[in-house]
Amino acid sequence: MFVGIVILVLNVLRSVSADTWHRLDDALYLVDNTSRLNYDEAHAYCLTRGANLTRIDSDKIQSFLTTFISPPLTTERCFWIGCHDREVEGQFKWLDGTQVRYDGWASDQPDDGRGIQDCACLWSSQDPNRHGRWDDNTCGARLDLICQKGVYNFTLTSSRSNPGSAYVSCAVDVVQGDQTLSPNDVRVSVVKNVSSTTSIPYSSTNVNGGLRNNSFVIDSIQDDDKIFCHVGKLARTERSFSRVDFSPINFYALPGLTSGPSVEDISSTFVTVSWSSWIPCLDTGEGPVISYLVYLQTMDGEWVEGGGIDLDMGEGDLQRRMEFVLTGLEPGTEYNISVSAVREGVGGEGPKGPLVSVMTIESGRRFGAFGKGNLLWFLFGVSLAGNILLVVVIMITCRRQGKQQKKKTLPNLTRAPSGYDPKDHQYEVPGPLETGMTTSMKVFREQKAA
Ligand SMILES: *[C@@H]1O[C@H](CO)[C@@H](O)[C@H](O)[C@H]1NC(C)=O
Ligand SMILES: *[C@@H]1O[C@H](CO)[C@@H](O)[C@H](O)[C@H]1NC(C)=O
Ligand SMILES: *[C@@H]1O[C@H](CO)[C@@H](O)[C@H](O)[C@H]1NC(C)=O
Ligand SMILES: *[C@@H]1O[C@H](CO)[C@@H](O)[C@H](O)[C@H]1NC(C)=O
Ligand SMILES: *[C@@H]1O[C@H](CO)[C@@H](O)[C@H](O)[C@H]1NC(C)=O
Ligand SMILES: *[C@@H]1O[C@H](CO)[C@@H](O)[C@H](O)[C@H]1NC(C)=O
Ligand SMILES: [Ca+2]
Ligand SMILES: [Ca+2]
């Protein structure tokens with residue numbers, strides 16, 4: 001009776017007592033000789049402990065683990081490890097799918113005994129040729145097991161960024177046994193194109209809830225670069241337990257304008273252009289847009305920035321026309337003009353939108369010759385028609401979004417050059433648009449006529 005209670009108490013104590021993990025470098029190992037599980041159960045047993053069946057890929061690990069299964073009992077026992085050839089007979093792999101290169105096999109193993117041995121275990125045996133060596137065994141056998149997990153419990157966070165940059169943070173328990181992690185111990189590195197690795201200095205660090213939490217700003221990153229966090233110096237091998245990879249960084253799609261600028265006014269040295277503001281339902285990419293940049297291309301093919309417009313907070317959501325005057329141009333010269341939208345954050349500039357071609361007036365002449373003038377006004381008319389079409393499309397597309405079209409969204413779009421009567425020239429709004437006209441477009445036409 002008394003003995004029974006003692007055994008019961010001992011059993012209860014054993015079942016609630018914490019697992020004993022043994023540390024070697026950056027990994028922890030659990031040697032279990034009581035559970036007696038088949039291979040799949042053993043794997044699951046490790047998984048519930050945040051671990052895997054162990055990988056053994058060095059003499060150091062092999063002899064370290066052998067100390068916990070020594071001295072051998074008279075009845076030999078084998079401990080499951082994370083190595084198997086269940087997929088292709090004879091091709092042993094670790095549970096993470098990588099090939100087994102280290103040779104820890106007993107001298108006559110693996111032998112695929114009776115053609116059914118696919119799962120590996122580590123012998124505790126009085127036979128010195130077997131003790132501390134591996135054997136392939138029947139996966140269904142109930143054996144002992146060894147689990148393995150990393151020392152560091154990394155918590156990674158990353159926030160979305162514009163392509164080319166990344167904001168990440170990495171947190172690790174600040175107390176590691178008898179060691180306390182300093183700010184410089186938690187690092188982030190970037191592997192570029194699988195070759196060069198750069199360590200990034202942290203931008204801020206703190207200790208919160210027992211975690212050393214470092215934040216990093218990575219300002220030049222490409223899609224296929226790999227970012228990982230590690231403790232201490234750069235980990236030597238891929239499988240090191242002192243590092244963990246960030247999943248692919250989530251980039252914003254940069255805003256793109258689907259329609260190009262239109263020409264509002266031309267002189268010999270300046271050109272006024274206008275364009276529809278970037279809006280989510282019609283243009284590409286993601287907002288919020290905080291500014292626009294206007295570019296000029298000259299005959300030599302070079303694009304130069306001609307200036308830009310910064311929006312006030314929250315203004316980027318408004319649907320309206322933007323207007324910009326490019327100054328200091330050469331008279332009688334052909335230019336291409338294009339606009340890009342810029343979203344918030346570092347590196348937020350989207351691609352240049354469609355371009356418009358203009359020819360500045362030759363000096364001394366002011367709309368005198370009709371050759372080029374007509375062409376320009378024709379282009380003007382076409383782009384204006386395009387704008388009207390765009391306004392219609394915007395209104396149809398965006399109506400659901402409940403954004404009110406304000407009259408101020410159509411500023412004096414039609415500043416005709418002084419002394420010039422547009423009615424004298426080809427300047428017709430194409431017919432079909434007339435029928436689809438709305439109030440604000442009538443306002444627009446009236447302004448135009450004025
Ligand atoms: C199981 O492991 C413990 C701790 O290493 C050891 O004391 C015990 O003798 C082992 N039991 C068997 C049956 O191997
Ligand atoms: C266990 O192995 C899987 C791959 O099979 C891996 O993703 C996971 O990180 C490993 N867990 C530990 C604690 O090593
Ligand atoms: C790792 O840390 C996370 C969050 O800090 C915690 O929820 C989790 O239980 C930890 N895992 C282990 C195995 O300690
Ligand atoms: C990256 O590597 C590929 C081939 O591995 C090579 O073609 C490419 O030029 C490299 N890019 C850079 C930026 O080094
Ligand atoms: C670490 O800091 C970053 C930025 O301050 C924060 O977003 C993240 O949640 C923190 N991580 C942890 C695990 O506290
Ligand atoms: C304008 O763009 C067109 C088409 O890309 C190109 O053929 C032309 O040379 C450009 N003109 C100038 C002045 O850059
Ligand atoms: Ca086999
Ligand atoms: Ca065998």
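Whatever order the structure lists them in is the order used to number ligands and atoms, beginning at 1. Counting from 1, the numbers follow the sequence of the chain as shown.
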Atom pairs, nitrogen or oxygen, ligand 1 to protein, under 3.5 angstrom:
| residue | atom | partner | partner atom | Å |
| --- | --- | --- | --- | --- |
| ligand 1 | 2 (O) | Asn33 | ND2 | 2.2 |
| ligand 1 | 11 (N) | Asn33 | ND2 | 2.8 |
| ligand 1 | 14 (O) | Asn33 | ND2 | 3.2 |

Go through it in stages, so that I can follow the logic: the residues are Arg160 and Glu286, the test is side chain to side chain contact (heavy atoms under 4.5 Å, CB included), and I'd like the CA-CA distance, side-chain angles, deciding distance and then a yes or no.
CA-CA 12 Å; Arg160 283 187 83 192; Glu286 290 169 85; 2.9 Å; yes
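Taking CD1 of Ile227 as the start and CD1 of Ile218 as the end, the distance is 3.5 Å to the nearest 0.5 Å.
Aromatic rings of His230 and Phe228 (six-membered ring for Trp) have centroids within the 6.0 Å cut-off, being under it.
Residue pairs that meet the side-chain hydrogen bond (donor to acceptor under 3.5 Å, both in side chains) test with at least one member in residues 112-122, sequence neighbours left out, do not exist here.
Below 3.5 Å of separation, one finds an N or O of Asn153 facing an N or O of ligand 3.
Ionic pairing of Asp57 and Arg101 is not present here: no N-O contact between side-chain nitrogen and carboxylate oxygen is shorter than 4.0 angstrom.
Remark: the backbone N or O of Ser125 is not paired with any side-chain donor or acceptor of Arg130 at under 3.5 angstrom.
A disulfide is assigned to Cys147 and Cys46, since their SG atoms are nearer than 2.5 Å.
For Arg212 against Ser182, the heavy-atom pair with the smallest separation is NE-C, 3.8 Å.
Legend: protein N/O/S atoms lying under 3.0 Å from the Ca ion (ligand 7), waters omitted, number 7.
By the 30° and 60° cut-offs, the orientation of the rings of Tyr152 relative to Phe154 is tilted.
Judged as a salt bridge (charged side-chain N to carboxylate O under 4.0 Å, His left out), and not counting sequence neighbours, the contacts of Glu41 are Arg142.
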